[in-house]
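Down below is the structure, laid out as structure tokens.
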Amino acid sequence: MKKIIKNGTIVTATDIYTADVLIEDEKVQSIGQNISDIYAEVIDASGYYVMPGGIDPHTHMDMPFGGTVTTDDFETGSIAAAHGGTTTFIDFCLTEKGKSLKSALEKWHAKSADKAVIDYGFHLQIVEANEDVLREMPRVIEEEGVTSFKVFMAYKDVLQADDETLFQTLVTAREHGGLVMVHAENGDVINYLTNKALEEGNTDPIYHALTRPPELEGEATGRAAKLTALADSQLYVVHVTCQEAVEQIAEARNKGFRVYGETCPQYLVLDQTYLERPGFEGAKFVWSPPLRHSSNQEILWNALKSGQLQTIGSDHCSFNFKGQKELGKDDFSKIPNGGPFVEDRFSVLFSEGVKKGRISLNKFIDLTSTQAAKLFGLFPQKGTIAPGSDADIVLFDPNAERTISVDTHHMNVDYSALEGMRIIGEPVTVLSRGDYVIKDKQFVGKPGNGKYLKCNKFNHNSLQENEKEDDLVH
Ligand SMILES: [Zn+2]
């Protein structure tokens, strides 16, 4: 059925204006003044922003880690994402040494088919760039629509790849239009520091942060950026947390290299002291890279504003406190790494960013939606409101005030890392390809309605327009 969104303020990465939006056959058909159609349902958006749905480029649904599995699967995780204004997510498909990329993708398709309520794509991990894998990468890009490849520089003996693998992945990605993503921390040195801390009897959650100092993130980020320059390839650094890493990305970008960076809400609003909370509560805040000293927060905001970092991912990776985080009660290195953020990514950035005057409203859309669509080959199908784009639209109340809490969130996890945080702004109604997923804050979607998205090849030209500095003051 056709829909017309009336009386709202349309916000994209470049514009803010009042107009009506006509939706038909899953797409935005037209945008204009006083659109009328007797066959269309009229949605009154008075007082609301009409925004492109958020794109979360970084989630871990139904993922095994450290002998356990993340609590949110593609159904619960995507429902929570939709409540939070996100209409597309890109999940990390893990691979195994010695097995084909195709077999890993089949596993991830089996986890997600018939479950997701919004559209989704995959990034593919490269753990070992052997001949078979390097031969399979171009085929995965061309046929499977997976164009981004993740290399872990940390988690020694588990997920970590060596520099040869990173470099070969970069070279292959350049040749075939892929984008290489890195978890940038020096896993070898972290391994040494972790063992040393445990030998000395230091087992509390805070040692998770103390054994992964920011210097090791800066070092790995710089190493990856330099290898990218040498390979004349393209790099996306996930979850950037600190000055040391931002400086490396800025330096590479200033030299003209195709290096991009993401940060996450948790690094913008929480800090390392949370890991010191008594009664093992610090474990709720254990993920990698760890939370940093609060002085890094303004540095990250400035990097977002100036365009040195381009996107906001949630790094959603939910583990219950009871029974899962507790696995590390006597040994911080056994605490499953990850936190629940898929639902709050969009609103926290609006409240802390736009409402507090740190970023403009256009920049907010760019960071939470448009840039991810461009980097991962989904633009302009996703990431904007324009004729021909998918009707993935959020009606957002910019004045609603609320408190984040485990009692009201929709993620399948027994705590909120943002418990008690007061925020302004709330998604009210969310459409995925023109269908209601959230209507007046209630979930009305259906598992399986979310479609798997084939991503297009990396295209540097699509990004250049947005690389200008953003000096708009909201
Ligand atoms: Zn992650």
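What's counted below: heavy atoms across the whole structure, side chains too, no hydrogens, waters or symmetry copies. Read the numbers this way: they start at 1 and go in the same order the structure lists the ligands and their atoms.
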(request) Measure centre to centre between the rings of H109 and Y452, then say whether the value is under 6.0 Å. (result)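 Yes, ring centres under 6.0 Å apart.
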(request) Step through it carefully: locate the ring centre of H123, locate the ring centre of F376, and say whether they are under 6.0 Å apart. (result)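 Ring centroids of H123 and F376 are less than 6.0 Å from each other.
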(message) By the definition side-chain hydrogen bond (donor to acceptor under 3.5 Å, both in side chains), identify the one residue from E217, Q266, Q297 that meets it with T241.
(response)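 Answer to the side-chain hydrogen bond (donor to acceptor under 3.5 Å, both in side chains) test with T241 among E217, Q266, Q297: E217.
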(request) Report the C-alpha distance between E144 and R139 in whole Å, list the side-chain angles of each, state the deciding distance to 0.1 Å, and finish with yes or no for salt bridge (Lys or Arg N to Asp or Glu O under 4.0 Å). (result) CA-CA 7 Å; E144 308 280 345; R139 203 191 58 73; 3.7 Å; yes
(request) Return yes if a side-chain donor-acceptor contact under 3.5 Å exists between D271 and T273, otherwise no. (result)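 Checked: D271/T273 side chains pair up, N/O donor to acceptor below 3.5 Å.
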(message) Between the side chains of E244 and R292, is the shortest nitrogen-to-carboxylate-oxygen separation below 4.0 Å, so that they form an ion pair?
(response)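 So R292 does not pair with E244 through a salt bridge.
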(request) Give the total of protein N/O/S atoms at a distance below 2.8 Å from the Zn ion (ligand 1). (result)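 Protein heteroatoms (N, O, S) closer than 2.8 Å to the Zn ion (ligand 1) number 3.
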